[in-house]
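All remarks here apply to the structure that follows.
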Amino acid sequence: MLDHLIKGATVVDGTGGPAYVADVGIQGGRITFPPPGADARTTEDATGLVLAPGFVDPHTHYDAQLFWDPYATPSMNHGVTTVAGGNCGFTLAPLHPDRPEDADYTRRMMSKVEGMALKALEEGVDWSWSSFGEYLDALEGRIAVNAGFMVGHCALRRYVMGADAVGGRPTGAQLAEMTALLKEAMETGAWGLSTTQSATHSDGDGAPVASRHAAPEELIALAKAVGEHEGTQIEAILAGCLDQFSDAEIDLFVEMSAAAGRPLNWNVLTIDAAVPERVPRQLTASERARKSGGRIVALTMPILTPMNMSLGTFCALNLIPGWGEVLGLPVPERIERLRDPEVRAEMLRRADSREAGVFRRLADFGRYVIGDTYSPENEGLTGRVVRDVAAERGQDPFRCLVEICANDDLRTVLWPMPTDNDPASWALRRETWDHEDVLLGGSDAGAHLDRMCGAPYTTRFLGDCLRGRKLVPLERAVKMLSDDPARLFGLRERGRIAEGFHADLVLFDPERIDAGPATLVHDLPGDSPRLDSRAVGVVSVRVNGVETVRDDEVTGAVPGRVLRSGRDTRTVGTR
């Protein structure tokens with residue numbers, strides 16, 4: 001007898017093949033196609049609904065959130081059944097057992113670099129582990145989604161080098177210890193190595209994070225170690241990921257992937273028709289890697305993720321060259337400096353310079369929409385565009401924005417309107433998705449919690465494909481969200497609706513599938529805020545055959561598994 005039977009569903013199986021109507025059964029957590037009349041303990045009529053494989057999010061930071069939110073919300077609500085964590089060089093393990101202060105350093109680093117609320121990290125995680133394997137064990141049996149994790153380069157360096165990890169280079173003995181620690185992590189299930197050398201990544205003290213001090217020789221040595229274990233990968237971030245790679249960065253990526261004989265993925269390829277040279281330049285790394293025995297995969301988002309900004313709290317504006325020096329000042333002094341015409345002129349110059357890279361997109365302040373306000377002077381401004389208010393006041397847009405924010409002691413919420421929401425940019429996206437080394441993803445779900453909400457990209461993309469721009473047919477869209485990332489990571493028997501595969505499934509209404517607007521909620525430990533988004537049209541989500549979501553409400557079941565390299569992933573070659 002089947003555990004559950006889904007009758008009459010329109011099956012979009014993840015292969016990209018045509019949809020078909022079928023009954024799909026679940027038995028022992030696996031998918032089966034039963035004969036007519038098969039008995040089942042429970043049955044549901046799915047006529048008119050689409051049944052798809054659970055979606056795989058290749059770039060998340062749920063490493064901490066899963067301890068207080070085993071449902072990985074809102075990702076799971078939007079059909080995600082497997083998440084890849086431990087990205088960008090940042091993980092909560094390993095932690096040196098003789099240095100309890102390392103946990104505090106890690107919390108403050110994660111709060112700064114990944115926008116996780118410090119109170120939530122302190123109150124919502126027990127920090128009881130030392131090794132990477134112990135960290136994975138702490139999650140086992142208590143999560144609703146499947147989750148796999150890279151091991152972060154920063155944690156490896158900190159464990160071996162202590163405080164010298166920031167600013168120092170390892171001795172030969174230390175590099176050997178770091179390599180051994182990486183191998184130990186992979187033996188216990190780590191998916192591979194993640195690292196960063198991005199100029200935007202600083203720790204809680206404002207110093208460049210540990211992995212940014214690594215020389216190419218260190219990175220190549222660690223990459224070689226990744227290649228010695230089954231089912232592993234590399235994920236890496238370089239400064240050029242935000243705009244365009246330098247020749248040296250392309251060389252490094254190619255050498256790392258070739259040394260490991262494993263795919264290397266990076267985040268995130270920004271596609272904008274106003275910068276037509278960016279995509280060809282970024283994909284040069286993939287083309288060169290193919291010729292050198294490696295494979296480099298670019299992640300890119302299929303939606304425009306809304307991000308809120310503020311002159312009062314740390315956000316992407318702080319990452320514009322030169323801006324952090326002003327925005328890091330105490331509020332009264334910050335307001336004084338921002339009101340100085342010469343200071344504003346220099347900030348605008350830096351924001352529009354080539355060194356600002358992708359952050360140049362944030363420099364058109366007339367396009368900002370005013371969000372929440374807090375003072376009588378700003379009454380009635382919520383929802384208005386800064387350009388219009390500036391014209392009424394006879395001010396340039398940046399000065400107008402500064403004055404509005406100053407009235408609120410810089411608490412004003414700002415929403416930048418995207419500059420790449422034009423037909424040419426969407427056409428370029430559609431063309432870029434055809435490249436063999438471009439993969440959808442890059443949500444950063446679990447990070448930057450009160451600033452952005454990328455988790456709903458799955459449902460929003462499907463809604464756009466069905467009722468919006470219709471850039472790709474439904475069958476291909478589902479494949480891009482499920483089977484493509486599953487194949488990149490070598491997930492065993494996941495990513496498709498096929499006989500014997502794990503029953504990770506999403507049942508949705510094609511007439512309604514979408515994502516609701518991002519709203520600020522206070523549901524983290526310590527009453528900390530985050531942006532959330534409701535799923536629209538998702539009828540059911542199942543993980544390993546067990547229902548975890550019904551009509552956008554979590555059921556409370558925790559059938560997810562910690563997916564470990566080798567056991568749950570197979571090696572994906574580069575040739």
Side-chain angles (χ1 to χ4, degrees), residues 108 111-113 115 198-208 239 242-243 274-275 306-419 448 450-452 529:
R108 290 187 299 107
S111 177
K112 175 68 177 295
V113 78
S198 172
T200 63
H201 288 160
S202 300
D203 65 14
D205 301 318
L242 290 173
D243 190 16
V275 192
M307 299 179 64
N308 66 31
M309 302 290 171
S310 168
L311 296 179
T313 55
F314 189 89
C315 67
L317 293 173
N318 296 65
L319 304 178
I320 298 173
W323 281 53
E325 302 161 13
V326 176
L327 299 185
L329 295 170
V331 169
E333 188 177 348
R334 196 181 317 175
I335 292 174
E336 181 181 356
R337 295 275 288 159
L338 287 167
R339 281 177 161 157
D340 184 327
E342 293 185 3
V343 172
R344 289 200 307 274
E346 176 61 13
M347 292 175 73
L348 287 175
R349 186 192 70 78
R350 297 289 296 275
D352 197 40
S353 67
R354 183 171 181 79
E355 66 176 333
V358 74
F359 295 111
R360 290 195 299 272
R361 294 151 51 90
L362 301 177
D364 189 352
F365 294 99
R367 293 175 58 87
Y368 279 55
V369 174
I370 301 164
D372 296 342
T373 62
Y374 301 90
S375 64
E377 295 91 335
N378 288 340
E379 186 175 349
L381 292 181
T382 296
R384 296 201 62 192
V385 180
V386 170
R387 180 184 292 111
D388 296 339
V389 180
E392 293 171 2
R393 298 181 178 183
Q395 299 173 330
D396 71 78
F398 190 36
R399 179 188 172 191
C400 178
L401 181 145
V402 165
E403 292 302 328
I404 291 169
C405 294
N407 289 336
D408 288 333
D409 291 326
L410 305 187
R411 296 169 63 202
T412 318
V413 174
L414 304 167
W415 293 91
M417 294 171 62
T419 60
H448 315 295
D450 63 343
R451 290 286 166 234
M452 61 176 281

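Throughout, residue positions are numbered sequentially from 1 according to the sequence presented.
- Between Leu410 atom CG and Leu338 atom CG the span is 6.5 Å, to the nearest 0.5 Å.
- Salt-bridge annotation for Asp205 and Arg108: present, with a side-chain N of the basic residue lying under 4.0 Å from a carboxylate O of the acidic one.
- Heavy-atom minimum distance, Val326 versus Arg334: O-CG, 3.3 Å.
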- Task: Could you give me the CA-CA distance, side-chain angles and deciding distance for Ile370 and Val386, then say whether side chain to side chain contact (heavy atoms under 4.5 Å, CB included) is met?
- Result: CA-CA 7 Å; Ile370 301 164; Val386 170; 4.0 Å; yes
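- Between the side chain of Ser198 and the backbone N or O of Ala239 there is no donor-acceptor pair closer than 3.5 Å.
- Under the 4.0 Å criterion applied to side-chain N and carboxylate O atoms, Arg384 and Glu392 are assigned as salt-bridge partners.
- For the residue pair Arg350 and Ala356, the shortest heavy atom distance occurs at O-CB, 3.5 Å.
- Between the side chain of Asp352 and the backbone N or O of Arg349, no donor-acceptor pair lies under 3.5 Å.
- Of the possible polar contacts, none joining the Tyr368 side chain to the Phe398 backbone as a donor-acceptor pair under 3.5 Å is found.
- Asp408 places no side-chain N or O within donor-acceptor distance of the main-chain N or O of Arg411, the cut-off being under 3.5 Å.
- Exactly one residue among Leu401, Leu414, Asp396 makes a side-chain contact (heavy atoms from CB on, under 4.5 Å) with Phe365. That residue is Leu401.
- Minimum heavy-atom separation, Met309 to Ala316: CE-CB, 3.8 Å.
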